[in-house]
Structure formats: structure tokens, C-alpha cells
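These notes concern the structure reproduced below.
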Amino acid sequence: MIGVIIAIVIGILLLGIVLKILKIAIIVALCVGIFMLAQNKLGRNNDQGRIK
């Protein structure tokens, strides 16, 4: 019985850590996406140096 309780507590802690890492990953991905979009919009309008 004690082992089951310990397993549940460890499972909840691991789930919390995974969710925290996932939240950080989503924030980083959004920042990179916004940066790339801004660079695309505000960058050079001519296509020099880009592969067509």
C-alpha cells in the first residue's frame, strides 16, 4: 500500500516536471516563430542571397 502511494507521488512529480519542460519548449518555439516572421516581414524585400 505504501509503495502505491509513493509511486503515485513520484508520478505526479514527474508529470509536473514534464509539463514545465513542455511549457518552456512551447514558449521558445513561439519566440523563434515570431522572430522568423518579423525577420521575413522586416528583412530585405529583394531576394538576394536566397535560394529560389
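Heavy-atom basis, side chains included; hydrogens, waters and symmetry copies ignored.
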Taking transitive links into account, so neighbours of neighbours count too, which hydrophobic residues share a cluster with Leu22 at under 4.5 Å side-chain distance?
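Hydrophobic cluster check, Leu22: joined to Ile26, Leu30.
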With rounding to the nearest 0.5 Å, note down the distance linking NZ in Lys23 to CD1 in Ile27.
6.5 Å
Report the residues that fulfil side chain to side chain contact (heavy atoms under 4.5 Å, CB included) with Leu14, sequence neighbours left out, ordered by chain and then residue number.
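Leu14: side chain to side chain contact (heavy atoms under 4.5 Å, CB included) contacts with Ile10.
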Could you work out, with side chain to side chain contact (heavy atoms under 4.5 Å, CB included) as the rule, every residue matching Val4, not counting sequence neighbours?
Ile8
